[in-house]
Amino acid sequence: MKDRVLIANRGEIALRIIDACHQLGLQVVVIYTPGDEQSLHVKRARQEGLPCYRVSSYRDANDVLAVADETKCTAIHPGYGFFAEDFRFARRVVKRSNPLIFIGPRWEVIRDLGHKLNVKRLAYDLGIPVIPGTISPVYSELEAEAKAEELFYWQEEQKIERPRLLFKAAAGGGGMGIEEVYDLDQVRSVFRRIRAYAKRQFGDEGVVIEICLQDYHHLEVQLLGNQYNELVHFGTRNCTIQSIGHQKRIEVAPGFDPSYTHYPFDAEQVMQKIIQYSLKLATHVGYDNVGTWEWLVTRDGKAYLMEVNTRIQVENEVSACISRIKGKKTNLLVEQIRSAFGERLGYKQKDITFVGTSIEFRLIAEDTKQGFRPLSGVITRFEYPEFPWLKVSTHVPSDEPYRIPTEFDPNLALGIVWGKDTREAIERGKIFLNKVIIQGKTPQGKPLQTNIPFLKEKLGEILKF
Amino acid sequence: MEIFRYLTDLINRVHYLQDIKGQDWRGAQYLLEELLKLKERPYEIGEKKLEEILKGLASRLELLEERAAQELTPYEIVKITRNPQRFTLLDILDNVYDSYTELGGEGEINIDPAVVCARAMISRRVGNKVYMHQVIVIGHEKGHGEEYRTGGSAKPWGNEKALRYMRVAETEGIPIHFYVFTPGAYPIEDYPGAAQQIARNLYFMAKLKVPTVAFISEGGSGGAEAIALADMRLMASRGYYSVISPEGAAAIEGKVKEGQRPPRELIEFCARQLRITAEDNLRFGTIDRIVPEPPLGARRNDYQFFKRLRYEMIRATDEVVLRTKSLRAFRSYALRRQKEEASPPEEFDLYIRWDLSEIEIEKLLEIRSKKYRALSSWAVQEKKSSLKSYLEKTHDLGSRVYHDVRYGVLKQGQKMIQRFMEELSGEGAVILKQVTEPLKVAYDLLAVKRRPRVRIVSSEEQAIEEMGELYVSPLALEDRTVTCPNAEKYGCPDLWVPDLYGEFCGVCPNCGYHFPLEYEWYLRNIFDAGSVKEFNQDIASGNPLGFEGYEKRLAQARRRSGRDSGIITFQARIGGIALVAAMLIADFRQGTVGVAEGEKFIRACDRARVMKRPFLAFIHTTGGIRIHEGTLGVVQMPRCTMAVREYIDAGGLYLVVYDNNSYAGPVASFLGCSPYQFAIRSTRIGFAGPRVIRETTGEDIPPDYHSAENALRRGHIQGIWDRRELRKKLYQALLTMGGKNLYYR
Amino acid sequence: MAFDHQEINKLLQQLRANPYRYHVVTTPHTGYLRAFLVKEGDKVIGPRGKWLEKPGTKLFVLERERNEKIIRAPLEGEVYKIYQNLLGKFVEAYQPVVEIRHALTQEEIIAEILQRTLHIVRAPEKARYFLAPQLAQRLEKKGLGQVLIQPGEEMLIMSFMKRETPVIHQGKPMVVFRIFFSRQQMVEQGAPLLGLCLPEEVPYIEKLISRVKEEWPSQSA
């Protein structure tokens, strides 16, 4: 192939995309910003003589496309973050006078599944369980009160202790503009507050009311599709161990392991159920690339679809580690690029087999004691062991000091271990965490803290309810 | 001593002549030098000799003056009007009125020294008896060179002061004499705002319940209108009344750069083309009568003129009053006065009281309304067969009855139908049958006393249904990017044109800057699909002044826009709510308003009143009054404001929405008078553009001076709307401001 | 704080010896460099007008995605160097294109001196900064040199790694005398953000400023 891919991303994902492209015999073009020059993806590009362009920002679509045109690229890989779930960018890439391949789902799919409420509505129509609550935004106080009453009543019926509701801005995402409600008397004031916030932030006053699930696991289903309506899954992942701001810190595949620990429900059945539901929605929208369906599973074995991520995820590697395509190791990035270039899968679901357990640790310079506050500074020493069962994915060089750029995601490295079963994987995880060394200084001259102690602490909780 | 005064007077006269005709005109300078020489050494010659010399010089001067008067050009008349030796309002108050008390400040200690309000007495002798009339005098004071008078340019608060004393006059039931001596309003936006205050004045004057007479010496466009919507408009024979100063017109016509003066020939040309003289204005019907002045204009010591002015003011007020009483009395009075025209007598032959009864006030307002509605109507060009216009007339009447029946009180409705039958009886009976068909049904309904069905607009109603296929601007069909004007300030990324003009509706998603969009976008995306029905598209802009070279540009505008005027009037629905709308569009001569635009606006306003529907004025852009139509354009200000006032008084909801740029006359009249004005973000609203402000006030203004934000801050508008939400906002506005009570006040 | 007049004299001397700064104009983003609109040695001016509403001299044309953008001079000076080799080429972001030799103005000299005399609040991290809304409001009302901030009061908000952290004033109550950063600007770690002084120092500093004004008459006046 004489195709050339522009990597519109940085850090470890850029490195992995370079690998995947090399594997497929594709040429690549790398971009970077001035603050990011030390990043390994730039160094590697320079070492290998890959075209490497300085842009004003990874978020500047105009720069990305200008470089793509200048270097005669035929495709753009958005990685994760930045343009990965930006349907407007995807639309522009394919609609412009010099159209390129967007390595990701069709823009219509990104748009339709990018909106949480829309996903909820679609799922609801297909009979897929979603978190009980409103399907369309609530605008009036009276309606909010009625809905809240209904949802409290429903929870009492389900004998849920301390029932709670969540009020969210309909147009929002993430942790902003979400409040919990314990009592009907709070509804009006909270509703007003969230509505005002939503109006300010997003220009739309709509509020969503949902029950607040308690004691749940966060599971994901990894899917892969293409334009020929071929659709397969790569099992489930468990991402329950998160920071305070609901940021993932440890991801495990598979999602549950009944041979390792006891669950108060039939774990196999639950995993099968969410896979089937995910496939149903994917088929319905004609999903045509890699994607992740995020689920919440409560202690009583009920599963609720939360959202869909229409991109490759940070934690794709754990799924890849435990799955074999016709017995061979899987690389989801390779599969993603092949799908985008219009190749057929060449295998069926039954050709995909699963073996062992894989765990990913996200190593981050942060103060886990103070609300996971991200830290900046210089990393002076970064060492990690080498094992056949370990893969470290990082953009931080180990041979020279590295200044942590402040404008990006704070991830420094991903440590991915594999074991033939969960017990072994956890043991190996412990070895890895004990041997990895990250040392550095904060701008104030204090030693740089990392989340390694936190990760170690959480090893015992992996996969356990 | 007498002789020296004579000498000084002669010198002044030469100066005056030079001011008008130019320094070296026909040896004027030589004459002046001669006089000045005499002034330097008057004693050497001796009184007798001096007198002789002076007499000789005086007769030469008289000859010159006569010559000058014969050859006066319109621009020279402007110079007469502006001359510091010309009479001002205070001279009039001293000489025309018997006594007066200034209101709202004196001299420099004043709300606005450019506007003088006074409670004054004017007397008339009938036989041996002297009768005193009380009036309120409101006018501009140019002063004789005092800087603080700003040359008679009223500040916004000066016009507000004028409005306050109009209210006083109304409370006390005494007539108002307006004196217009202004080159134009002082173009600043500070509260209450130049344009907005003029609009409020016009709105109030439209139904001011006392007789009003205006006298125009210098009638500078919108500034003049602020105190000129009167029952009778007189004009000084050496005054001018114009849409723009000849210099201003020349600067525009000649595309002269800021700070440079346009060539004299061009100014003369514009002064001629704009038809600014009293004779022209009388011919066009924009004034009612001319008050004669001496050939070279009246100066401040011209007592003969003041006598004439007193006569004319009393006469005009009498006529206004008499017209409300009986037509016969008025006719005989008017006839008698006409006979005296050449040399008015010292005294009047009868005394007329100037107070009015309730019924007479009603009549007064009706006559005023008719007067203004008829102004400039001769210049309306309608490409239409008489049959078609007849059909439309019956249709209008038909719909009036239909809507009266539908919304009106039962009894009133029956009265209406009777009147309708009467009005129609004089015209063709064949057509009548067809048109009355649906009407009978309505009538039958009334006969069995079934209640008319009332459409209840409830605020609980669901949000507007989703629109079908959206219209996408043709601007979007280009693969390129543009830079947001705020990029430097807010770091906005370059915008991809298909996104910008497609999904983003021309709005920068980062900073909210609104790029201009064509008017079709609004027509297609704001109103319910397929609901827009245009009417009166046949009324076309013309060239009523015969402005040289303008035909060509008009044809160009017609070709480029595919339209015949700068306004589109139509019926439409928003979320099912039917309304009537008028839209001034940028594509046709920058949405400037002339006779055709005014006429279409008035007809749309009347249609909204008849149909009892909300009326929306959507201003895509307006550059003001179209200068090529002169004062015929200017009078669209009072005309349209009159229509708006009558619509609102009848219970209508009048909404104004500004987009892009809205300046000058329209804002200062029929737009600014709306109680509900909104602007789309990034629009500019104001009276005069930055250049005019700099040139008149000498002060620079910040770049965001006219921004919607600042207009909101100053209270000129009620809110700023996002274009993406315009449809929703309009719908909400119709519900909240209209609501159930809208059609039933 | 006692002012060391000698040191200030030394500083002024230094500035007098080399009253220039070299400013490199770089490309704001990628694109094709279509044309240079100045020559080496040309005099250029920065944005002017009471509200800086009149833009500076046009320097070069950069085209990206069919959008031709004219890059203008940010300050007054003389074109010192032009990177002619870039003409017609595709350039990366932040590529130096034109160098301007700029003679320091009175105001800049004052800023320079103030940075050495005032209590400087420096950027703790490389980040974007905003004035705390309350302080911003007060400053807008009263103006610089008039607003006193108390210890423990929020001065600035640091926007950094997608989080906002307040910067709190410590020490004695002080007057905000100068602001050295602008909105949206990425401030390097250690760069000055605010200049503070004790209320009783205000007159001294004002005197100092008037001294500089005397010794360094502004050129535009």
Side-chain angles (χ1 to χ4, degrees), chain A residues 6 29-37 51-72 81 92-93 96-98 174-176 244-245 247 364-367 370-378 403-411 442-445, chain C residues 24-34 61-69 71 83 86-97 121-130 133 156-168 170 181 184-193:
Chain A
L6 183 124
V29 175
V30 172
I31 58 169
Y32 68 98
T33 60
D36 212 18
E37 220 158 321
C52 189
Y53 281 81
R54 186 170 58 228
V55 294
S56 54
S57 157
Y58 291 112
R59 286 183 185 79
D60 189 334
N62 304 304
D63 262 2
V64 169
L65 292 169
V67 172
D69 282 349
E70 167 68 14
T71 54
K72 302 197 166 50
R92 180 169 169 189
V93 167
R96 62 208 295 270
S97 50
N98 175 28
M176 305 282 268
I244 283 176
Q247 299 296 315
I364 295 169
E366 62 186 354
D367 188 345
Q370 280 186 34
F372 293 81
R373 190 167 63 88
L375 302 170
S376 68
V378 178
R403 178 177 288 281
I404 306 171
T406 52
E407 54 265 54
F408 308 117
D409 216 52
N411 272 349
T442 64
Q444 288 80 23
Chain C
V24 182
V25 182
T26 60
T27 53
H29 52 64
T30 64
Y32 296 93
L33 213 158
R34 291 298 185 210
V61 182
L62 184 65
E63 185 202 315
R64 178 183 65 170
E65 291 287 278
R66 283 168 287 284
N67 180 18
E68 285 199 352
K69 210 177 273 188
I71 309 299
Y83 291 71
L86 298 174
L87 188 63
K89 300 234 171 74
F90 184 80
V91 290
E92 295 178 286
Y94 309 113
Q95 171 73 43
V97 179
V121 179
R122 289 185 189 281
E125 309 270 4
K126 181 181 171 181
R128 293 180 208 283
Y129 291 84
F130 310 92
L156 295 163
I157 290 171
M158 170 170 74
S159 175
F160 160 64
M161 281 192 173
K162 299 179 181 172
R163 277 176 188 236
E164 296 193 341
T165 322
V167 179
I168 288 170
Q170 284 158 343
F181 68 99
Q184 295 289 331
Q185 175 199 354
M186 196 70 178
V187 184
E188 289 296 325
Q189 187 197 336
L193 291 171

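Proteins come first, then strands; the chains are lettered A, B, ... in the order of their sequence lines, and each starts at number 1.
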Q.
Do the side chains of C:Arg64 and A:Asp69 get close enough for a salt bridge, i.e. N-O under 4.0 angstrom?
A. no
Q. For A:Asp60, is it the side chain, the backbone, both or neither that has a heavy atom under 4.5 Å from a heavy atom of chain C?
A. side chain
Q | Audit row: A:Val67, C:Phe90, side chain to side chain contact (heavy atoms under 4.5 Å, CB included) steps and yes/no | A | CA-CA 9 Å; A:Val67 172; C:Phe90 184 80; 4.0 Å; yes
Q: Sort out for me which of C:Gln95, C:Glu65, C:Lys126 touches chain A most, counting heavy-atom pairs under 4.5 Å.
A: C:Glu65
Q.
Tell me whether the count of non-hydrogen atoms from other residues, nucleotides or ligands lying under 6.0 Å of CZ in C:Arg34 goes above 12.
A. yes
Q. Which heavy atom of C:Ala93 sits nearest a heavy atom of A:Asp63, and at what distance?
A. CB-OD2, 4.2 Å
Q. Where do A:Cys52 and C:Glu92 come nearest, in terms of heavy atoms and distance?
A. O-OE2, 3.5 Å
Q: Please report the shortest heavy-atom distance between A:Pro443 and C:Gln189, naming the atom on each side.
A: CB-NE2, 3.2 Å
Q: Measure distances from A:Thr71 to the heavy atoms of chain C and classify the residue's part below 4.5 Å as side chain, backbone, both or neither.
A: neither
Q.
So, taking the atom named CZ in A:Arg54 and the one named OG1 in C:Thr26, what distance separates them when rounded to the nearest 0.5 Å?
A. 8.5 Å
